[in-house]
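Here's the structure we're looking at; comments come further down.
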Amino acid sequence: MTTRTAPPPAGLPGSVRQRASIAARTLRTDRWWFAPLITVIGLGAWVTYATVRVFMHDLYWVPDYHYLTPFYSPCVTEACIPEAAHLGRVLPGWWIIPDAALTLPFLLLFRLTCYYYRKAYYRSFWLSPPACAVPDGHKTYTGETRFPLLGQNLHRYTFYAAVIISLINSYDAILAFHSPEGFGFGLGNLVLLGNVVMLWAYTLSCHSCRHIAGGRLKHFSAHPVRYRFWTFVSKLNVRHMQLAWITLGTLALTDFYVMALSAGWFDDLRFIN
């Protein structure tokens, strides 16, 4: 009687087994490409709209109700309408300079270095990788160890700038309640307030904010206030992806509403004054 010896499992010393030769790029049969495609379309459309609006240098201020679009806040170039320049006009009014040049670069860095947005554009625009169980679109992978991706480490610092900018946007929303006739309240105020609330929710849900709130604490019981804040931020952090997309929508909606009022396409729905 002949006894057959089973070959050693693959991966063990002495193993002669080879990996299966699969010609297909991936064996996934679902629409794995759909999510990256939607991300490209969504982010691409938003970036296109925002770029056009930033360099229009027009239709950003509604003098009757003191509405200022967040894309132009704070308005700091000499081309700004004086009433809309709350912090003064300190930069030249060249068309190549955005009117909110003191804040837009920091907002851009905050979004670009955001942990969720990294996942979004790494998978969709860079195909690194486009989906689970789908090969990377590049031959080599070095992670975030080289320039310019090494700059992703700046995220925790851009968070502080985002907080300051959110305070400025909050000031704009409060100022909008003061119309030339005194206190006023309209649909535009709700749009501005809704945008500010969502911006704060997205900013506070940031991973860096969660780390600042409680990342270095060893005993939460000794810091009850920070623990409660950390708990609140942690609940928001679970929704960070959704808030990232929601705020893109509220920013575009707020800007479009202010632009439409400024252009005279329709009137603001007023409740008081």
Legend entry - Audit row: Tyr60, Cys80, side-chain contact (heavy atoms from CB on, under 4.5 Å) steps and yes/no: CA-CA 10 Å; Tyr60 55 86; Cys80 294; 4.1 Å; yes
Inset, instruction - Show the numbers, then the answer: is there a side-chain hydrogen bond (donor to acceptor under 3.5 Å, both in side chains) between Trp200 and Ser170? - result: CA-CA 9 Å; Trp200 273 114; Ser170 300; 2.8 Å; yes
Please report the closest heavy-atom contact between [X] and [Y], naming both atoms and the distance.
{"X": "Met56", "Y": "Leu59", "value": "CE-CD1, 4.1 Å"}
{"X": "Val233", "Y": "Cys209", "value": "CG2-SG, 4.0 Å"}
{"X": "Asp136", "Y": "Pro129", "value": "OD2-N, 3.8 Å"}
{"X": "Ile97", "Y": "Pro92", "value": "CD1-O, 3.9 Å"}
{"X": "Phe125", "Y": "Gly44", "value": "CZ-N, 4.4 Å"}
{"X": "His155", "Y": "Ser208", "value": "CD2-OG, 3.2 Å"}

Say you draw a straight line from [atom1] of [X] to [atom2] of [Y]; how long is it, rounded to the nearest 0.5 Å?
{"X": "Leu243", "Y": "Cys206", "atom1": "CG", "atom2": "SG", "value": "11.5 Å"}
{"X": "Leu261", "Y": "Leu187", "atom1": "CG", "atom2": "CG", "value": "8.5 Å"}
{"X": "Thr254", "Y": "Met259", "atom1": "OG1", "atom2": "CE", "value": "12.0 Å"}
{"X": "Phe177", "Y": "Phe183", "atom1": "CZ", "atom2": "CZ", "value": "6.0 Å"}
{"X": "Leu109", "Y": "Cys114", "atom1": "CG", "atom2": "SG", "value": "12.5 Å"}
{"X": "Leu251", "Y": "Trp46", "atom1": "CG", "atom2": "CH2", "value": "5.5 Å"}

Would you check if the side chain of [X] reaches a backbone N or O of [Y] as a donor-acceptor pair within less than 3.5 Å?
{"X": "Arg28", "Y": "Cys132", "value": "yes"}
{"X": "Asn153", "Y": "Leu150", "value": "yes"}
{"X": "Tyr121", "Y": "Leu112", "value": "yes"}
{"X": "Arg111", "Y": "Tyr117", "value": "no"}
{"X": "Thr103", "Y": "Ser73", "value": "yes"}
{"X": "Arg123", "Y": "Pro36", "value": "no"}
{"X": "His57", "Y": "Trp95", "value": "yes"}
{"X": "Asn189", "Y": "Gly186", "value": "yes"}

4.5 Å side-chain heavy-atom contact, [X] and [Y]:
{"X": "Thr250", "Y": "Thr247", "result": "yes"}
{"X": "Ile212", "Y": "Tyr160", "result": "yes"}
{"X": "Asp99", "Y": "Val76", "result": "no"}
{"X": "Leu68", "Y": "Val258", "result": "no"}
{"X": "Thr203", "Y": "Ile165", "result": "no"}
{"X": "Trp126", "Y": "His138", "result": "yes"}
{"X": "Gln152", "Y": "Tyr115", "result": "no"}
{"X": "Phe220", "Y": "Arg228", "result": "no"}

Inset, instruction - Please test Leu102 against Val90 for side-chain contact (heavy atoms from CB on, under 4.5 Å), starting from the C-alpha separation and ending with a verdict. - result: CA-CA 10 Å; Leu102 293 183; Val90 298; 4.3 Å; yes
Inset, instruction - Carefully, step by step, assess Thr77 and Trp94 under the rule side-chain contact (heavy atoms from CB on, under 4.5 Å). - result: CA-CA 8 Å; Thr77 69; Trp94 303 334; over 6 Å; no
Legend entry - Test applied, ring-ring contact (aromatic ring centres under 6.0 Å, His included); reference residue, Tyr202; option that passes from Phe110, Trp245, Tyr116: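 The ring-ring contact (aromatic ring centres under 6.0 Å, His included) with Tyr202 is passed solely by Phe110 among Phe110, Trp245, Tyr116.
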State plainly whether one hydrophobic cluster holds both [X] and [Y], where clusters connect Ile, Leu, Val, Met, Phe, Trp and Tyr through side-chain heavy atoms under 4.5 angstrom apart.
{"X": "Ile41", "Y": "Val47", "value": "no"}
{"X": "Trp33", "Y": "Ile38", "value": "yes"}
{"X": "Met241", "Y": "Val238", "value": "no"}
{"X": "Phe71", "Y": "Leu108", "value": "yes"}
{"X": "Leu37", "Y": "Trp32", "value": "yes"}

Cation-pi, [Y] ring and [X] (6.0 angstrom, 45 degrees):
{"X": "Arg270", "Y": "Tyr65", "result": "yes"}
{"X": "Arg118", "Y": "Tyr122", "result": "no"}
{"X": "Arg156", "Y": "Phe159", "result": "no"}

Inset, instruction - Take atom CZ of Phe271 as the centre, draw a 6.0 Å sphere, and report whether it contains more than 12 heavy atoms from other residues, nucleotides or ligands. - result: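 Correct, the count exceeds 12.
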Legend entry - Neighbour count above 12 (heavy atom, 6.0 Å) for Phe55 CZ: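 Yes, enclosed.
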Is it the case that [X] and [Y] place a side-chain donor and acceptor less than 3.5 Å from each other?
{"X": "Trp61", "Y": "Thr69", "answer": "no"}
{"X": "Thr48", "Y": "Arg53", "answer": "no"}
{"X": "Ser205", "Y": "Asn237", "answer": "no"}
{"X": "Tyr67", "Y": "Asp172", "answer": "no"}
{"X": "Tyr257", "Y": "Asp268", "answer": "yes"}

Legend entry - side-chain contact (heavy atoms from CB on, under 4.5 Å) evaluation trace for Leu104 with Val54: CA-CA 9 Å; Leu104 287 180; Val54 164; 3.8 Å; yes
